[in-house]
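Have a look at the structure below, then the notes.
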Amino acid sequence: MTSSPDQAPVVADLSETELIASFAPLLPRGRATLVPTGDDAAVVAAPDGRFVVSTDVLVEGHHFRRDWGTARDVGARAAAQNLADIAAMGALPTSMVVGLVLPPTTPVAWLLDLARGLAEECAPLGVGVDGGDLSAGEQVVVAVTVHGDLEGRAPVLRSGARPGHVLAHAGVLGRAAAGYAVLAAGLPYTGDPDTAAVVGAFLRPAPPYAAGPQAADAGATAMMDVSDGLVRDAGRMARASGVEILLDPVAEALAPDLARLEPVARRLGADAAAWLLTGGEDHGLLATFAPDRPLPPGFRRIGTVRAAGPAGPRVVPSPADAAHVTALGWDHFRA
């Protein structure tokens with residue numbers, strides 16, 4: 001089904017070659033790109049001799065809704081959640097490829113804005129969008145694969161936390177979960193700065209990309225992206241490292257975050273502390289450091305690591321926060 005002459009064009013009105021020609025000029029060329037999009041494959045420099053790679057998928061109706069945000073938001077978010085994974089290894093992102101599934105009725109203008117959103121997130125970091133694939137389907141799917149350069153560093157894994165280490169976090173917590181709650185409730189938000197800010201955090205997360213390599217240089221022993229909630233992801237780190245992670249009380253360790261979320265929680269009758277502990281998709285960085293190491297800029301202490309007890313490797317919220325942990329966080333198949 002194509003549009004009539006007096007309607008805005010949809011992707012079915014153009015050939016694949018014409019579609020690519022319409023959005024390819026909008027995509028940035030990265031600092032490491034040697035052969036950009038246009039050939040059968042791109043060529044990207046890997047001076048370290050290794051490259052870091054990660055992939056994620058955004059599915060319409062599951063991860064985003066077109067009536068909640070713009071195509072630029074979707075593009076920026078798809079890029080951000082992948083770029084954060086690279087930073088969490090202590091690497092700099094360099095190159096990205098994107099696979100798109102589009103219903104034939106998708107407006108061409110929406111596709112172009114998606115490309116602009118990708119570019120807005122990637123270009124400031126020197127990351128190239130170096131190719132991908134297009135296909136028709138029943139719903140929009142954005143599949144992103146990103147590569148990164150360790151620049152000679154050892155990768156920082158989830159498995160390096162040891163008893164006595166300090167648990168620290170860079171970035172924000174709970175804001176994306178609060179924004180999702182606002183949108184899901186249909187709550188007006190444009191006239192309220194607190195509510196508008198959390199909706200913006202859901203639509204366009206802002207991971208602290210530079211903090212990843214900085215943490216690696218500062219001696220981080222373990223690190224990961226917090227995509228599925230603090231409790232769930234800290235539990236993954238604990239299991240990978242064979243330790244127990246004890247979280248500090250939210251009211252102390254995350255007091256500014258709690259204060260920022262409480263006005264929104266009151267509007268919704270929700271639990272701000274639960275958003276901090278179990279809300280995902282902010283894409284901050286969780287890391288551990290030896291106790292004699294100063295934390296790098298942007299990180300704040302939120303817990304400690306101790307030897308696993310009889311219950312085995314796990315994360316233990318503060319007793320003051322146990323009532324706020326009614327779920328572990330985001331799960332793709334139980335959301």
Side-chain angles (χ1 to χ4, degrees), residues 56 58-84 87 107 109-110 112-125 140 142 169-211 225-230 250-251 253-285 298 300 302 324 327 329-330 335:
D56 268 308
L58 286 179
V59 180
E60 183 180 9
H62 191 67
H63 299 100
F64 70 92
R65 283 173 41 174
R66 280 191 261 177
D67 60 323
W68 279 1
T70 67
R72 288 193 185 210
D73 294 331
V74 176
R77 184 177 171 205
Q81 66 183 37
N82 283 270
L83 296 166
W110 194 93
L112 298 183
D113 272 347
L114 178 79
R116 293 184 179 101
L118 289 166
E120 286 167 0
E121 198 71 16
C122 291
L125 302 175
V140 177
V142 187
H169 179 269
V172 302
L173 284 164
R175 294 188 196 177
Y180 173 82
V182 170
L183 291 168
L187 188 70
Y189 61 87
T190 54
D192 180 79
D194 292 323
T195 310
V198 297
V199 170
F202 171 74
L203 296 175
R204 286 203 184 199
Y209 303 120
D225 160 46
V226 181
S227 56
D228 296 329
L230 176 60
V250 163
L254 301 171
D257 306 71
L258 188 62
R260 186 171 188 129
L261 293 178
E262 281 178 335
V264 182
R266 285 194 294 270
R267 290 190 69 186
L268 286 169
D271 184 350
W275 287 336
L276 290 170
L277 290 162
T278 64
E281 302 194 1
D282 289 298
H283 300 289
L285 299 180
R300 66 260 179 91
I302 63 167
H324 302 292
W330 173 262

Go through Val264 and Trp275 one step at a time and tell me if the side chain to side chain contact (heavy atoms under 4.5 Å, CB included) criterion holds. CA-CA 11 Å; Val264 182; Trp275 287 336; 4.1 Å; yes

Just do the side chain to side chain contact (heavy atoms under 4.5 Å, CB included) check on Trp110 and Val140 with the steps written out, would you? CA-CA 11 Å; Trp110 194 93; Val140 177; 3.9 Å; yes

Evaluate side chain to side chain contact (heavy atoms under 4.5 Å, CB included) for Leu183 paired with Leu203, printing each intermediate quantity in order. CA-CA 10 Å; Leu183 291 168; Leu203 296 175; 4.2 Å; yes

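Every pair passing salt bridge (charged side-chain N to carboxylate O under 4.0 Å, His left out) that includes a residue from residues 263-277 is listed here, sequence neighbours excluded: Asp192-Arg267.
Formation of a donor-acceptor pair under 3.5 Å by the Asn82 side chain with backbone atoms of Asp56 is found in this model. Side chain of Arg77 to main chain of Leu58: no donor-acceptor pair is present (N/O by atom type, distance under 3.5 Å, no hydrogens or angles).
The distance from atom CG of Leu83 to atom CG of Asp225, rounded to the nearest 0.5 Å, is 10.5 Å. Put simply, CG on Asp228 and CG on Asp282 are 11.5 Å apart, with the number rounded to the nearest 0.5 Å. Between the CZ atom in Arg72 and the CZ atom in Arg116 there is a gap of 5.5 Å [rounded to 0.5 Å]. Interatomic distance, OH of Tyr209 versus CG of Leu285, reported as 10.0 Å (0.5 Å rounding). To the nearest 0.5 Å, atoms CG (Leu230) and NE2 (His169) are separated by 7.0 Å. Atom OG1 of Thr70 and atom CG of Leu114 lie 9.5 Å apart (nearest 0.5 Å).
In this structure, the side chains of Tyr189 and Val198 stay at 4.5 Å or more apart for every pair of heavy atoms. When side chains are defined from C-beta on, Leu173 counts as touching Leu254, because their heavy atoms get closer than 4.5 Å.
The minimum heavy-atom distance between Glu60 and Phe64, with the atom names listed, is N-CE2, 3.4 Å. Here the shortest heavy-atom pairing between Ala177 and Gly279 reads CB-CA, 3.5 Å. Across every non-hydrogen atom of Cys122 and Ala79, the tightest pair is SG-CB, 4.1 Å. Across all their heavy atoms, Leu118 and Gly75 have their closest contact at CD2-O, 3.3 Å. Of all the heavy atoms in Ala80 and Pro205, the pair that sits closest is CB-O, 4.0 Å. Annotation for Ala201 and Ala176: closest pair O-CB, 4.0 Å, computed over non-hydrogen atoms.
Listed by chain and residue number, Arg175, Ala197 satisfy the side chain to side chain contact (heavy atoms under 4.5 Å, CB included) test with Arg260 (two or more places apart in sequence, or in another chain).
Here Arg204 does not pair with Glu121 in a salt bridge; the nearest charged N to carboxylate O distance is not below 4.0 Å.
Between Tyr180 and Trp68, the ring-plane angle classifies as perpendicular under the 30° and 60° cut-offs.
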